[in-house]
Every structure is written in structure tokens, then in C-alpha cells.
Peer 1: 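Dropping the structure in here first, questions after.
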2 protein chains.
Amino acid sequence: MSAQPRTARGTRTRARLLAAAEDVFASAGYHDASIVRITEQAGIGLGTFYLYFGGKQEIFDEVVNDLNARVRHAMTEAARTAEDRFDAEREGFRAFFRFTAQHPALYRIIRQAEFVSPGAQRRHYERIVRSYAHGLAAAQDAGEVRPLDPEVAAWALMGMGELIGMRYILWEAGGVGEADGAPRDIPDHVLDELMALIQRGLAPDAPPPAAPPREDVRHD
Amino acid sequence: MSAQPRTARGTRTRARLLAAAEDVFASAGYHDASIVRITEQAGIGLGTFYLYFGGKQEIFDEVVNDLNARVRHAMTEAARTAEDRFDAEREGFRAFFRFTAQHPALYRIIRQAEFVSPGAQRRHYERIVRSYAHGLAAAQDAGEVRPLDPEVAAWALMGMGELIGMRYILWEAGGVGEADGAPRDIPDHVLDELMALIQRGLAPDAPPPAAPPREDVRHD
DNA sequence: AGCAAACATGAAAGGTGATTCAGGTTACGG
DNA sequence: CCGTAACCTGAATCACCTTTCATGTTTGCT
């Protein structure tokens with residue numbers, strides 16, 4: 001069984017194991033990520049691993065939870081300062097892509113969770129959707145988003161982000177040779193195209209054609 | 001090394017191995033899918049496996065290619081009779097969801113390909129996107145779709161389908177208890193919501209509202 | 001300083017699974 | 001009804017991994 005560290009040294013050791021595990025799972029995959037590799041990468045003895053984690057699956061789950069919390073934090077934080085729904089969408093997605101660029105582990109690990117830990121995978125997606133759907137519902141009440149099922153929309157929009165991120169962030173921009181290892185940002189035109197799809201998909205229907213404009217629009 | 005069968009018996013044996021592999025990879029995952037399990041499920045001797053496949057990874061790749069060809073065929077076939085772009089989208093997605101319901105192996109296997117065979121995974125997605133982007137470009141030329149980058153749009157739309165399928169097909173409809181093992185179709189309202197997003201996202205801009213009356217916008 | 005409690009360690013036990021191979025069985029042209 | 005090529009087989013080999021544990025080291029407290 002795992003145990004919580006009781007001293008500063010133990011805390012540090014546990015954290016190093018977690019970080020190493022994220023690395024190794026992401027680069028080698030669950031199957032090839034042996035405990036030996038994780039402890040080596042962490043610079044820690046093999047046996048020590050079992051002081052803090054019950055086993056391979058247990059540390060995997062913890063890595064998933066950790067990544068989930070971090071990516072949601074990044075997105076929420078980015079969207080918090082937005083003034084309208086569209087701004088929130090754009091900044092949220094931008095934060096997601098940035099996180100993806102800086103932590104490719106997110107994708108690789110979530111995908112593996114399909115078999116390694118289906119429950120953890122499901123929790124990951126559902127947590128993101130929940131807050132996304134909340135945001136959409138609120139925007140809907142405010143009239144910024146047309147009537148729609150916020151949950152279905154949230155899954156669809158998250159899907160767009162997922163594959164766009166995979167293609168344009170993880171699979172380095174196809175074609176243009178870029179050798180440096182620097183994490184690339186989402187190309188502007190890709191984000192623009194994505195936001196255009198989203199905005200048009202969510203926008204309220206235009207008011208009845210030639211709708212009687214309110215008083216803020218003056219006609220003489 | 002693998003070898004092609006030279007007799008009817010050999011052909012049958014190879015096909016049984018492939019089918020069994022799809023099953024086992026999908027239900028147990030690559031890691032837990034031992035050759036023993038595959039050959040047992042196929043009702044074939046262990047050693048026989050190596051007459052037809054070079055190893056575990058080789059048969060995995062072949063399963064991926066096979067699934068890819070089948071799902072694309074299903075989608076293309078469904079979209080072929082459509083009269084306009086929107087119809088094509090709807091029928092294509094419907095076919096994709098139906099295929100997903102009938103062959104959950106598709107998702108589970110593609111996701112694992114991330115590590116097992118990144119090349120095969122990439123080919124899978126890229127093949128789907130290529131034909132999707134072609135369709136969009138053609139519709140664009142025909143004026144049925146607004147100006148946009150067909151490739152970016154194709155990735156985004158495929159992403160919607162991927163996550164919607166995962167949520168509403170693979171994760172049996174959340175909440176409503178349905179015990180039977182029958183593959184469920186996509187709920188109508190989900191498909192409707194999805195199509196609404198797509199249609200609005202792709203539709204050409206409405207022609208200048210109410211016949212472009214130049215003279216009514218006066219700035220003195 | 002002195003002493004528990006925490007912490008660290010890696011050799012070895014106990015498993016599992018991919019792949020090989022030497023030896024049978026089946027199919028089919030002649 | 002032969003003979004040969006194709007096909008089939010599963011025990012054995014080899015490699016590698018998770019997990020345990022007996023033994024040593026460090027930390028924090030008094």
C-alpha cells in the first residue's frame with residue numbers, strides 16, 4: 001500500500017517519482033514504462049517506489065488526476081478574465097493548446113488510460129465537460145449563445161480541441177521543417193479557423209430580419 | 001517474417017487470426033493481448049501464428065489498416081447518395097456512429113496505436129481527413145460551404161465525431177439503464193445538436209441582410 | 001549526543017509472455 | 001495411392017518485470 005510521506009525528504013522523493021512517472025509514461029507508454037525506469041529517471045532506488053505507491057497502476061492514476069487538475073486550472077484561469085463568451089472560448093482553447101505544447105504527456109497518457117484505467121480516463125473527460133457545459137449554459141442564459149444542449153455541445157467542442165491539438169501541436173506542424181525542440185504555439189490561422197467554427201456554431205440566431213433596432217442604434 | 005497463405009486452408013487460418021486479434025486487442029488491450037489468447041480465440045495452435053505474422057506488432061498494424069479501410073468505406077458509401085453537403089455530413093456521421101456501435105474495436109485500437117504503432121495511428125487519421133477535406137473543398141467550390149481552410153475544418157469536425165461517439169456510443173447512454181448488449185444508435189437529439197453545430201459552422205454567410213441597401217446607412 | 005521512526009536500497013523470488021523449433025499432419029498433383 | 005509442399009503444433013527458451021524483504025542510512029526529537 002502507498003503511504004503519505006511524513007518528512008520533507010519523503011515529500012521530495014514522492015514528488016520526484018510522480019514527475020518521473022509522468023515523463024516515462026508519456027515517452028515510453030504504460031507497458032514499456034517499468035518501475036525500474038521510473039525510479040532510475042527519478043534517481044531513486046527501486047524498492048523506494050513501493051514506499052509511496054501501491055504499484056504501477058496506482059501511480060498512473062495519480063498522474064492522470066494531476067494532469068487533469070493542471071490543465072483545467074490553466075483553462076479556467078485563462079478564461080476567467082474574458083469579457084464575453086467568445087473571448088472565454090478563445091482564451092480557454094489557447095490555454096489548452098499551450099498546455100498541450102508544454103505537456104505532451106497529457107494526450108499520450110489520457111489515451112493510454114483507455115485500457116490502463118478507464119475510470120480515470122472517463123473522469124478526466126467528464127470533469128472538463130462539466131465545467132465547459134456550465135460555462136455554455138451560463139452564456140446561454142445571458143443570451144450570448146443560442147439555445148442548444150450544453151452537454152452535447154461541450155463534448156463536440158472538446159473533441160475539436162482534442163484533434164486540432166493532436167494534429168497541430170503534437171504532430172509538429174506538418175511540412176515546415178522545424179528542428180528545435182521548443183514547444184510551438186498553435187498557428188494563428190488554425191486558431192482563427194477553429195474559433196470561426198465555434199462562434200458560428202454557438203452564435204444566437206440573427207434577430208428576425210430587419211428587426212426593429214433598439215434605441216442605441218440611431219437612424220437619424 | 002509473415003507469409004501469404006498458398007491454399008484455401010491457409011487463407012482461412014490467417015483470416016481467423018486477424019478477426020481474433022481485433023477482438024482480443026479491443027477487449028484486453030495490446031498489452032494483455034497475448035499471442036496465446038489470440039490463437040486460442042481463433043482456435044489455432046500457438047506456433048501457427050508465426051506462419052502468417054511476423055509478430056504482435058505486425059498483426060496489430062494490419063488490424064488498424066483493416067478497420068480504417070472499413071470505416072472509411074462505410075462513411076463514403078453513406079455519403080455517396082447525399083444530395084447536398086449537409087446531407088453528406090449527416091449521413092457520413094451517422095454511418096460513422098453506426099460503425100462505432102458495431103465495432104467498438106475501432107476506438108479502442110486506434111487509441112492504443114498511439115504507442116503501439118504511431119505511424120499506423122497517424123495514417124488512420126490522415127486518411128480520414130484527406131477525404132473529408134476533399135469533400136469540403138468541393139462543397140466550397142460549389143458555394144455550399146463558406147470560405148475556410150478545409151483541412152483545419154476537417155480535423156475539427158472529425159474531432160467532434162470522435163468525442164461524441166466516445167461519449168454517446170461507447171459509454172452507453174449515461175444514466176438510462178440499458179442492460180441489453182445490442183449496439184445502440186446515436187440518440188436523435190445528439191445527432192441533431194451536432195449537425196446544427198456543423199451546419200452553422202460551415203454555412204456560407206447569409207447574403208447581405210435584406211438586400212444590401214447601401215443608402216440606409218448614412219454617416220452624413 | 002542518542003535513539004526511534006522514516007526513509008532508502010537492490011538482489012532475488014516469482015511470474016508472464018513473445019518467439020523458436022523439431023517433429024507431426026493434411027492436401028493435392030501426378 | 002504416393003510424395004512433397006504447405007500447414008500445424010505446443011513444449012521449451014529467453015528476456016524482462018513487478019514486487020518483496022532483509023539490511024543499512026538519515027532525519028527529527030529530546
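In the text below, chain A, chain B and the rest are named by the order of the sequence lines, each starting its count at 1. Every heavy atom of this structure was used, including side-chain atoms; hydrogens, water molecules and symmetry mates were not.
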Peer 1: Round to a whole Å and report the spacing from CZ of A:Arg12 to C1' of C:dA8.
Peer 2: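 So the CZ-C1' distance, A:Arg12 to C:dA8, works out to 13 Å.
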Peer 1: Hey, is A:Glu40 close enough to A:Arg37 for a salt bridge, meaning N to O under 4.0 Å?
Peer 2: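 Looking at A:Arg37 together with A:Glu40, the answer is no, because their closest N to O distance does not fall below 4.0 Å.
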Peer 1: Rounded off to whole Å, could you give me the CG-to-P distance for the A:Leu46 and C:dC7 pair?
Peer 2: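 Atom CG in A:Leu46 sits about 18 Å away from atom P in C:dC7.
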Peer 1: Rounded to the Å, how far apart are A:Phe53 CZ and D:dT20 P?
Peer 2: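 It works out to 15 Å between those atoms.
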Peer 1: What is the distance, to the nearest angstrom, from the OH atom on A:Tyr30 to the P atom on D:dC17?
Peer 2: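 Taking atom P of D:dC17 as the reference, OH of A:Tyr30 is at 14 Å.
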Peer 1: Of the non-hydrogen atoms in B:Pro104 and B:Leu170, which two are nearest, and what is the gap between them?
Peer 2: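 Closest pair (atom of B:Pro104, atom of B:Leu170, distance): CB-CD2, 3.8 Å.
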Peer 1: Between A:Tyr50 and C:dT9, does any side-chain N or O lie under 4.0 Å from OP1 or OP2?
Peer 2: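 No, A:Tyr50 has no side-chain N/O under 4.0 Å of OP1/OP2 on C:dT9.
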Peer 1: Could you tell me the separation between the CG atom of A:Leu51 and the P atom of D:dT26, rounded to a whole number of Å?
Peer 2: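 Rounded to the whole Å, the gap is 16 Å.
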Peer 1: Is it the case that A:Glu89 and A:Tyr132 place a side-chain donor and acceptor less than 3.5 Å from each other?
Peer 2: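 Yes, A:Tyr132 and A:Glu89 have a side-chain donor paired with an acceptor closer than 3.5 Å.
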Peer 1: Say whether A:Arg127 and A:Asn65, considering side chains only, have a donor N or O and an acceptor N or O under 3.5 Å apart.
Peer 2: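 A:Asn65 and A:Arg127 do have a side-chain donor-acceptor pair below 3.5 Å.
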Peer 1: Using whole Å, what does the distance between atom P of nucleotide C:dG17 and atom CZ of B:Phe60 come to?
Peer 2: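 Answer to the nearest Å: 18 Å.
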Peer 1: Is the closest basic N to carboxylate O distance between A:Arg72 and A:Glu126 below 4.0 Å?
Peer 2: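 A:Glu126 and A:Arg72: not salt-bridged.
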Peer 1: What's the CZ-C1' distance between A:Phe25 and D:dC17, to the nearest Å?
Peer 2: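 A:Phe25 atom CZ is separated from D:dC17 atom C1' by 13 Å.
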Peer 1: With DNA chain D as reference, determine whether B:Thr11 or B:Gly47 sits nearer its 5' end, using the nearest nucleotide of each.
Peer 2: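 The residue whose closest nucleotide sits nearer the 5' end is B:Thr11.
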Peer 1: Relative to the 5' end of DNA chain C, which residue comes earlier, B:Phe49 or A:Thr13, by the nucleotide with the nearest heavy atom?
Peer 2: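 Going by which nucleotide is closer to the 5' end, it is A:Thr13.
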Peer 1: With a 4.0 Å limit, can you tell me whether B:Ser34 has a side-chain N or O closer than that to the phosphate oxygens OP1/OP2 of C:dT16?
Peer 2: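 So the side-chain polar atoms of B:Ser34 never come under 4.0 Å of the phosphate oxygens OP1 or OP2 of C:dT16.
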Peer 1: So, does A:Thr7 get its side chain near the phosphate of C:dC7, meaning an N or O under 4.0 Å from OP1 or OP2?
Peer 2: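 Looking at the OP1 and OP2 atoms of C:dC7, one of them is under 4.0 Å from a side-chain N or O of A:Thr7.
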Peer 1: Quick one: which of D:dT9, C:dT26, C:dT9 gets closest to the side chain of B:Arg9?
Peer 2: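 Ranking D:dT9, C:dT26, C:dT9 by closest atom to the B:Arg9 side chain puts C:dT26 first.
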Peer 1: Of B:Thr48 and B:Val36, whose nearest nucleotide on DNA chain C comes first from the 5' end?
Peer 2: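 Its nucleotide being nearer the 5' end, the pick is B:Val36.
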Peer 1: In whole angstrom, what separates B:Arg6's CZ from D:dC8's C1'?
Peer 2: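 Computing the B:Arg6:CZ to D:dC8:C1' distance gives 16 Å.
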